[in-house]
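Everything on this sheet refers to the single structure shown next.
Worth saying up front: this structure is predicted, and the values here are computed from it rather than measured. Numbering of ligands and ligand atoms starts at 1, following listing order.
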Amino acid sequence: MDNKDIKGLTRKDFIKSLKEDKNRASNFSIESENLLFDYSKNLIDAETMQKLLAVAENADLKEWIERMFSGDKINHTEDRAVLHTALRATDKPINEIDAVFEKMYDFVGKVHSGEKTGYSGKRITTIVNIGIGGSHLGAEMAVKALTPYILPDIIYHFIANIDPDSLSETLQSINHEETLFIIASKSFGTIETLTNATSIKKWFLNHNGVSAKDISSHFIAVSNNVEKAVAFGIDAENIFPMWDWVGGRYSVWSAVGISVALSIGIENFKQFLNGATKADNHFRNTPFSENIPVVMALLGILYRNYYNIGSHAVVPYSDNLELLVNYLQQTDMESNGKSIDRDGKTTAVQTGPVIWGGVGTSCQHAFFQHLHQGTEFTPVDFIVAVGSHSPELEHQQKLLLANCLAQSMALAIGKDRETVIAELKAAGMDESKIESLATYKTFKGGRPSNTLLLPKLTPENLGFLIATYEHKIFTQGIIWNINSFDQWGVELGKELADTILPTLEGNDNPNFDTSTNLLLQKIRDYS
Ligand code: F6P
């Protein structure tokens, strides 16, 4: 990042431009087939955008995009290519991909037709995905987002955490004869997933009349580590491979998406992939000034690096998009939460912000106070669909839309003191009270947001949306000169958990830091 001379608009100029410049919204919005990206409520003018676009050019973004799509090993710390885009490409650049998708579609089709049954001949009605992080968040987010498309008679569960209470509740609610367990783990070495899978296998085998041979009717795996999956007891036929060039957090497009295909059907899953392909083509072939993920990324750069804002909120106006926030937390924060650059040096600039948020309108009654009147601003992505899936309740969708638009407007325009005073006067409040209350009721405005307006939350539009965020994250990683595709930062905690567990299970005196020793001692006392 080489341009120190980038400034956004002042609050006053921004509000003035938003109110008065008739071309602002059309100049600062991009429409694609799958969504409208309105970024006019940002602290920008044409000059700011020009300078930001130069940052992308100077980072050789175009070359990096081509390097990613063509399979260069841009994940240099793991010596891997980054090719999740190949999974959804119309012409698959890698032959094995088609074979795995065919196998997956064949399997899913057989479950849906009833040809593939449980060991006792009963139809499979329940899908349990066992996986964590990238082997969980994308798939559960997509299934939940596409709830209206879930096939009748399909019940789904996602088990990620090692919380015994949660596993036990799920197991109590399902019928083992009708359940398919999917062990999704790229490494097949993740302790949470293996612990849950082992407990579930034991639970399954404990049922009367069940023997080891029945495992093959109920357990499948998605993994890059076929040997380990086989060693666990999964029939080799039941293993759907993935590859080292698919990062976990980018793996919903691979066979990790089997839980999605099982839940919403093959055609809808293909539409989901199709939406992502459209986003890939848009990202690869559109000039940066009209390129949704690039512009999203640059706006993020503006606030992170030129305003020093460390957080970014995502607020979808749809309960079905509730899990999008968790999903983006992993995709963004595991990708760009880095402080060492591609050259092995401490980054010269701030990198990935904290991604957080919640569903509107519910969160308007929670954290929006902070967004409107907190001491610093947080840029927000508002995401909303025009049409719902419930035509009989369309008036509620209109109210949802009105709220979404109202919030971005309130953040941007605010409400000045004069207006507040005039309103209070009109309401008959006495002068002295008005004087003391007006300051509290004033909104300074000038707070930035994007609005992503979808015609409807369909599988294709969801695919487009998710892939757009992936490319935004990629673009920021390139500009910050970091590797967005490794995740060394999650390793230390895993190693330490392995060293703490024996102390928890045994009687040895804890020999860690003083805080950990105290906590271990108390755990013993309370046990
Ligand atoms: O702990 C982080 C992580 O490595 C993620 O990147 C990954 O998605 C997750 O764990 C699960 O890994 P696996 O699919 O190998 O079980």
Side-chain angles (χ1 to χ4, degrees), residues 74-84 87 100 104 128-143 158-163 167 181-201 219-234 238-260 323-338 352 355 466 469-470 473-474 477 482-498 500-501:
I74 60 170
N75 176 358
H76 71 293
T77 58
E78 295 180 313
D79 196 27
R80 289 175 183 168
V82 174
L83 269 173
H84 48 278
L87 296 164
V100 173
M104 171 167 129
V128 178
N129 190 83
I130 307 147
I132 197 162
S135 298
H136 157 233
L137 291 165
E140 187 174 17
M141 176 275 300
V143 175
F158 283 84
I159 295 175
N161 199 357
I162 27 174
D163 183 342
L167 175 60
F181 297 100
I182 303 161
I183 307 172
S185 176
K186 180 175 165 184
S187 59
F188 222 87
T190 304
I191 190 77
E192 291 93 333
T193 302
L194 292 187
T195 305
N196 280 323
T198 305
S199 301
I200 291 171
K201 189 168 81 168
F219 286 77
I220 66 170
V222 182
S223 187
N224 184 33
N225 196 335
V226 174
E227 292 98 85
K228 272 187 128 182
V230 169
F232 179 85
I234 306 290
N238 283 348
I239 299 171
F240 296 83
M242 59 191 290
W243 305 273
D244 70 355
W245 41 262
V246 184
R249 53 195 174 274
Y250 301 92
S251 66
V252 67
W253 320 103
S254 72
V256 167
I258 195 165
S259 50
V260 184
L323 300 177
L324 181 68
V325 178
N326 305 28
Y327 169 76
L328 288 177
Q329 271 175 347
Q330 191 206 18
T331 321
D332 198 317
M333 294 169 78
E334 198 167 72
S335 296
N336 286 345
K338 314 271 164 77
I355 304 294
I466 299 308
Y469 271 102
E470 287 178 351
I473 293 162
F474 170 82
I482 54 177
N483 177 4
S484 300
F485 299 102
D486 58 14
Q487 56 285 315
W488 301 108
V490 299
E491 295 304 322
L492 178 59
K494 291 185 195 173
E495 286 164 23
L496 292 177
D498 283 347
I500 290 171
L501 187 62

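Under a 4.0 Å criterion applied to the non-hydrogen atoms of G133, ligand 1 contributes the atoms 8 (O). In summary, the atoms of ligand 1 found under 4.0 Å from a heavy atom of V490, numbered by their order in the structure, are 1 (O), 2 (C).
Of the candidates K494, H136, M242, the one placing a heavy atom closest to atom 10 (O) of ligand 1 is K494. Taking each of E334, E491, Q487, R249 in turn, the one with a heavy atom nearest to atom 5 (C) of ligand 1 proves to be E334.
Shortest contact from atom 8 (O) of ligand 1 to any protein heavy atom: G134 N, 2.7 Å. The single protein non-hydrogen atom nearest to atom 12 (O) of ligand 1 is T190 OG1, 3.4 Å, given as residue, atom name and distance. Nearest to atom 15 (O) of ligand 1 among the protein's heavy atoms is S187 OG, 2.6 Å. Nearest protein neighbour of atom 11 (C) of ligand 1, counting heavy atoms only, is I132 O, 3.2 Å.
Between R249 and the options Q330, E470, Q487, a side chain to side chain donor-acceptor pair (under 3.5 Å) holds for only Q487.
In this structure, N336 contributes its side chain and S484 its backbone to no donor-acceptor pair below 3.5 Å.
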Requested in this report: Would you please test I258 and I220 for side chain to side chain contact (heavy atoms under 4.5 Å, CB included) and show each step?
Outcome: CA-CA 10 Å; I258 195 165; I220 66 170; 3.9 Å; yes
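Under 4.0 Å is where a charged nitrogen must lie from a carboxylate oxygen, and between D486 and K338 at least one such pair does.
The shortest distance between side-chain heavy atoms of D498 and K494 does not fall below 4.5 Å.
Ring orientation note: the planes of Y250 and H84 are close to parallel, at an angle under 30° on the 30°/60° scale.
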